[in-house]
Each structure stands twice: as structure tokens, then as C-alpha cells.
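Lettering of chains follows the sequences in order, A, B, ..., and the numbering in each one begins at 1. Worth saying up front: this structure is predicted, and the values here are computed from it rather than measured.
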Amino acid sequence: MNAGRRNNTVMPYFDFLLDRLEDFGEIAGCTEEEITAIESQFQLQLPEAYKDFLRLFGRESGHLLEPYAMTIDNLQAHKDEVTDMYEGTEPYDILNFSQKGFFFGHMDDMLLFFICNGDDDPAVYLMEAPEDINAYESSFTRFIELELQRDEEFPISHFLHSPVVFFAQDAPSIVTAGDFKDLAIRARVAFGICCLEYAISHFQLEELNWALILPLLWSYTADTVNTAIWGDQIAERMPSAILSDYPFDRKDIMWFELDTYEQLQQLYRQSNETVNELIYLVFRIGTQDLHTGVSRHSAQTLNYLQKIIRLMHENRLELPVITPFRQYPITEYNGWGRPFTREDLSNAGYKPANNLWSTTATAIAQQAILTQQVIRYNDFPAPPVFIAGADVEYDKYSDLIAGAIVVLERSTLQVVAYATHCMQVTFPYIPGLFSFREMPPLLAAWEKLSQKPDLIICDGHGIAHPRRFGLACHMGVTLNLPAIGCGKTRLCGHYAMPAGEKGASSPLLADGSDEVIGAVLRSQTRINPIFVSIGHKIDISTATSVVLDMCREFRLPETTRIADQYAREAMEAYKAAHDTGQSH
DNA sequence: GCGACAG
DNA sequence: ATCTTGTCGC
Ligand SMILES: [Mg+2]
């Protein structure tokens, strides 16, 4: 009767519900047209299991499922909520990748989503905040099945399969215009200029002649500034004015000559719209209250600040942290704030733009999602014979990074194969996000490797990691290869010192629980122990014995040592080849 | 609020 | 991780 009634469509995913549909009370399904409309509205391909769900419950989900707000009339609200969390970014862009996150319901304050990656019955995740994402159920059907079995209203206590923690510095800076409500105009201008600098760095426009405008902008925060003159000077240098069709006219321009005008033209032409718009917005903040004085919170400059923040978000740009600006309250100097310099900001924690830092939230989300794919038991057909080692080398004077993977025969330590790759770094070093820094050259080296190993020992932790997803896990899961994490120092967890003799070990325990996340292994007698943990497809005792087996004369396993050698060699070779090619 | 934080 | 010199203990 209902248009949502299924016709001949097979609905295999919720067979288990068909004989108890009356328990749900009032239910109604979606039509195929509605489902198609959702897909086009959200620009994604919905998984089959979810479509089946919609065919049954898409319009009315009955009292059992009602608290989850999973009917289609809620979808836009879910999306809006996520959008708010991310302040302007599209919710399905959160997880970066090519896949899109689809937010289909909620539990209390937490949003439920799956990733549209082509999987017919995808895993379900819970998002409490952008950087706090947990795997919840292994599939959508299982999610429905298990939720219906729960008696409790909202069984929050067992939401989390494993605790997800992250270092505070991993979290992206979240700043809203409202945060500047009580801060001086000088602080607002300075924040805008900092955003401008971040944008310049992000678009790799540092080489342009920013000296034409940046120092002048910064002069606003100095004690010598005359804001009226500053406004006049900046107005003449506005990108819109310089790039307009009107030719240079000495009568209109008081503050610079023709050659400066031409240089400015060149600058803004090579710049881009976003950066030029930021300059304009900074100008507006600086001049808005010029004649009226600063009233209360100066709502209009907050408005421009909001535009700046939105522009930054639209371009996926990290925002400067707000801490350094907090020291300039709106109560000082009639709202303008006391003067300061860029150095004052640096001393208070302002970090210059680093375009590599903009993706931390995405990286954390990936880890929370990928960690459930880690297999923590032995999963290999035969005892591993060809053991790979991996290490990465850096160069202090450039942004070069060289990765090496070496394959050794387990007992003889013969080098069976090796491969290296040198490239530019693509990610900064952030404890907890290490794999995003070292994986790219390692994966490139892996591609070149003529003989693939049975197992890989990585120079970094596996599950001995705040989100249980260190470098070794990332490598293992990515390559679908048994992997061991072997770190030199602790990242997280606590332990008792193992006995002094080679081979002694003690468990590495997770912070705040008794979960064993690794082994502290004495690899040489009375030498500092090393940290072994599961990477992928191997258990901790097997991992420990394999690592111990590879530790012959030194503290570190031969795999790591030899990989280190090859990586260093590759770096030197690359630099030498590059030098001769460049020096005229 | 402060310290801790793989390579 | 990087650079680089010196020192300690076997
Ligand atoms: Mg290393």
C-alpha cells in the first residue's frame, strides 16, 4: 500500500527482523526514488545494507529505533551538526580519503556514521568530536541487531571497544570569532595577519615579494602606528585597487611610486583570490572602528574575523592557536589594545605557518578507523623466514627523507633484497602520528622491492600507541603483512624494568588499564631495553622471540641496523646526484 | 594547569 | 631524526 513497500527487491540484510516487525510499532520505508534522491543530495553511493534499512524504516522507524534518529528527515540535521563541529567543512570530507563519511543517526551527543567505501555492509563509527572517533560495530546490520538487543536506554559504558586517547597537541586549533569577543582590535588584526601568513605558506607563495605589504600590515600592532594613516596606506595597496582596470595615477596614490605599483601588481597576480581576500579582511578589521571608536565587543570586526576563519576552513587551512592573542584584552587602550610586536606573539606561543599541520584531525580519524583492522594473533602459513627491516633517514639541511627496506634470511642474516626511496617530507613529526611521516618513503621503497618478505620489523611502535595504531600497524595493515613494532623509547604505557640478562622481558601495560600493549625486552645484557609490540598478524610472544632472534651483537635487531645503513647510503647518493646536477 | 610525547 | 666533539668503560 505504502509507496515505501518493497516490490520485488530482495532484502537479505534484515531477514532476521522480518518476523518481529510488529515489535517496532509504526514503521514505514522509503521509496527507491527517495533513496536515489539522498544519494544525489549527499553526493555519495550508499551501501546496500543501509539502503535496505531505509526500505524498511526510512520514513518511520518505530519506537525501538526512534531515539537513534535514523529516519531520512533527520539526515540534514546530522550533517549540519557535523558541519558545526568542523566549522564550515563538508562533513563527508572529514575523513579525507576518497571515501565519504555518512552520518545516519545519533546516540546521545554522539553521531553515528559509516564510510561509503563500496562496502555493502560497512562498519559503524561513533563521533563525539572531530578528533574523537571510535569504531563501534563491525557492520551496519550488526549494529542494528545488537542495538535492538540492548535493554538499556543508551548503553554508553560499552560503546567503546578500546579507549581512544590522543595527545592534546594532536588536536587541531579550534578558534571561533566569538573567542575574540573580549580581545583588542590589535589582537584581531594580528590574528588576521597570522592567518594570511598561514595561507601564503599553504599555497606555497612564500617566494613572492610579500615585503610590499606584510611589514606594513604588521605595523598596525606597533606603538608608533597612526591607524588613520595605516588605513590610507593599506587602502592604496589593496589587491582590488591594484588589480583594477584603472591605470596608475599619481593623483590617486600618495604613498608609493610607479615601480612599487608595478611590483604590487605582479605580487597580487601571482597570488590567489583567497590570499588577496584575506588582505582585504585584515584591512577591514583594522579600519572598521577608526572613526566611531571601539564599541563594546566591536561586532563588525568580529564579523570580518568570522569571514577570515570561514575562508581558512574552506581552504582546509589550520588556524593559528589563540593563546598568544589572549594577552591583549579589549579593555586596554580604549579597545585597541596595547601595542606589541610579532616577536611578542612568538614568545607567547605563536608558531609560524606550517602547511603540513593541517591534516592532524584527519590522520587521527584514520587511525581510529584503521586500528580495528589490526590482527593481534599469528596469521601466517609457515614460520617467517624472510624478515624485512625498515628505517628512514633524514637530512638536517633539506626536507629530504630516505626510506629503506631490507630483506634478510632469518638465520644467516644474508641480505636477500633491498630497496630505497628518497623524496621530500610530506608530514611533520608529531608523536602519535609518526607513521604519516615515515610511511611514504617506505611504501615507495616497498614497491621497488624485488622479493617481498614474510614479515617486517619496523623502527617504531605497533599497538604500543595511544590509539593502538603505530607505524608497525599502519605498515602491516597497509601491506597486509605480518609486522612487528620495535621502538627504542617509550611512547605510552608503563612497565617494570626487566631483569638485566639478555632475553629478559616485562609487559608494557596501557595507561589506565591492565591491557598488555607490548613487551620491554632486554636485547643485550645490561643494555637499555627495547620496546616490542604487535604490528599486524602476530602475537606479542612470537614478536618478542623474532626480535630477540634478530638482535645479535647490538641493542637493535639487525634488520633495523641494516635498513638504517641502506637508508643513509640512499640519502647520500641522492644528495650527491642532486648536487652535481644543480651546481652550474 | 602541567607534564608527557615513537623517529 | 639531525650535527659533532668529547668522555667513559670494557
Ligand atoms: Mg628510524
Side-chain angles (χ1 to χ4, degrees), chain A residues 131 164-171 321 323 326 348-349 356-357 360 363-364 367 371 389-405 422-443 445 456-476 483-495 500 508-512 517-521 524-535 543 547 553-557 559-561 563-572 574-575:
Chain A
E131 68 286 350
V164 171
V165 263
F166 48 91
F167 296 134
Q169 73 181 47
D170 290 354
V321 290
T323 334
R326 289 233 173 86
L356 304 174
W357 287 64
T360 53
I364 291 168
Q367 291 182 326
T371 189
D391 192 29
V392 169
E393 199 80 8
Y394 299 86
D395 176 33
K396 198 197 176 185
Y397 301 106
S398 69
D399 281 333
L400 290 176
I401 184 171
I405 298 182
C422 199
M423 60 186 286
Q424 293 284 120
V425 299
T426 57
F427 205 88
Y429 169 66
I430 303 172
L433 298 177
F434 183 52
S435 63
F436 294 91
R437 181 167 174 82
E438 292 212 339
M439 285 250 300
L442 290 178
L443 292 179
I456 189 166
I457 299 176
C458 297
D459 187 27
H461 296 287
I463 64 171
H465 175 278
R467 285 169 294 276
R468 310 284 176 268
F469 199 71
L471 172 66
C473 301
H474 210 156
M475 288 290 287
I484 297 173
C486 181
K488 294 182 274 293
T489 59
R490 183 192 70 99
L491 171 62
C492 65
H494 56 95
Y495 59 97
L508 178 63
L509 304 170
D511 296 315
I517 57 175
V520 186
L521 174 66
Q524 299 296 343
T525 298
R526 268 172 284 284
I527 296 290
N528 240 358
I530 58 177
F531 297 79
V532 179
S533 58
I534 294 174
V547 169
E553 296 180 56
F554 301 95
R555 178 181 176 230
L556 297 181
T559 40
T560 303
R561 290 171 38 80
D564 178 87
Q565 266 173 242
Y566 281 115
R568 182 176 317 250
E569 198 176 272
M571 173 65 82
E572 294 306 322
Y574 187 91
K575 282 199 298 185

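Among the nucleotides C:dC3, B:dC5, C:dA1, the one closest to any side-chain atom of A:D459 is C:dA1. In the set B:dA6, B:dA4, B:dG7, B:dA6 carries the atom at the smallest distance from any side-chain atom of A:L471. Listed nucleotides B:dG7, C:dC3, B:dC5 differ in distance to A:R437; the shortest reach to its side chain belongs to B:dG7. Here B:dG7 is the nucleotide among B:dA6, B:dG7, C:dC3 with the atom lying nearest to any side-chain atom of A:K488. Counting only heavy atoms from C-beta on, A:F434 has its side chain closest to B:dA6 among B:dA6, C:dC3, C:dA1. Closest contact between the side chain of A:E393 and the listed nucleotides C:dT2, C:dC3, B:dC5 involves C:dT2. Residue A:L491 has its side chain nearest to B:dA6 when only C:dC3, B:dG7, B:dA6 are considered.
When all heavy atoms are compared, the tightest approach of A:D511 to A:C492 is OD2-CB, 3.7 Å. Pairing each heavy atom of A:L556 with each of A:I530, the nearest pair is CD2-CG2, 4.0 Å. Residue A:G403 comes nearest to A:P441 through the heavy atom pair N-CB, 3.7 Å, listed as atom of the first residue, atom of the second, then distance. Looking at every heavy atom in both residues, A:C473 comes nearest to A:R468 through SG-O, 4.0 Å. The two residues A:M571 and A:E393 make their nearest non-hydrogen contact at CE-O, 3.6 Å.
Put simply, A:T489 has a side-chain N or O that comes within less than 4.0 Å of OP1 or OP2 on B:dG7. Contact annotation: A:Y429 side-chain N/O to B:dA6 OP1/OP2 distance is under 4.0 Å.
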Check: Based on Watson-Crick and G-U pairs with both distances under 3.5 Å, what dot-bracket line describes DNA chain B 5' to 3', crossing pairs as [ ] and inter-strand pairs as |?
Finding: .......
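In this structure, CG of A:L442 is placed 11 Å from C1' of B:dG7, rounded to the nearest angstrom. Atom NE2 in A:H474 sits about 15 Å away from atom C1' in B:dA6, given to the nearest Å. Nucleotide B:dG7 holds its P atom 6 Å from the NE2 atom of A:H461, rounded to whole Å. In this structure, A:I401 atom CD1 and C:dT2 atom P are separated by 10 Å, rounded to whole Å. To the nearest angstrom, P of B:dA6 lies 12 Å from OH of A:Y394. In this entry the distance linking CD1 of A:I517 with P of B:dC5 reads 13 Å, nearest Å. Atom-to-atom, CZ of A:R526 to P of C:dC10 comes out at 11 Å; the value is rounded to the nearest Å. In this structure, the CD1 atom of A:I430 is 18 Å from the P atom of C:dA1, given to the nearest Å.
A:M475 places none of its side-chain heavy atoms less than 4.5 Å from the side chain of A:E438. Between A:L491 and A:P466, some side-chain heavy-atom pair lies under the 4.5 Å cut-off.
A:Y495 pairs by the ring-ring contact (aromatic ring centres under 6.0 Å, His included) definition with A:F531, not counting sequence neighbours.
Counting heavy-atom neighbours within 6.0 Å of A:E553 CD, excluding the residue itself, gives a total of 12 or less.
Between A:F434 and A:Y429, the ring-plane angle classifies as perpendicular under the 30° and 60° cut-offs.
Among the atoms of the strands shown, base atoms are found under 4.0 Å from some heavy atom of A:G470.
Consecutive Watson-Crick or G-U pairing (both distances under 3.5 Å) never extends over three or more pairs in DNA chain C.
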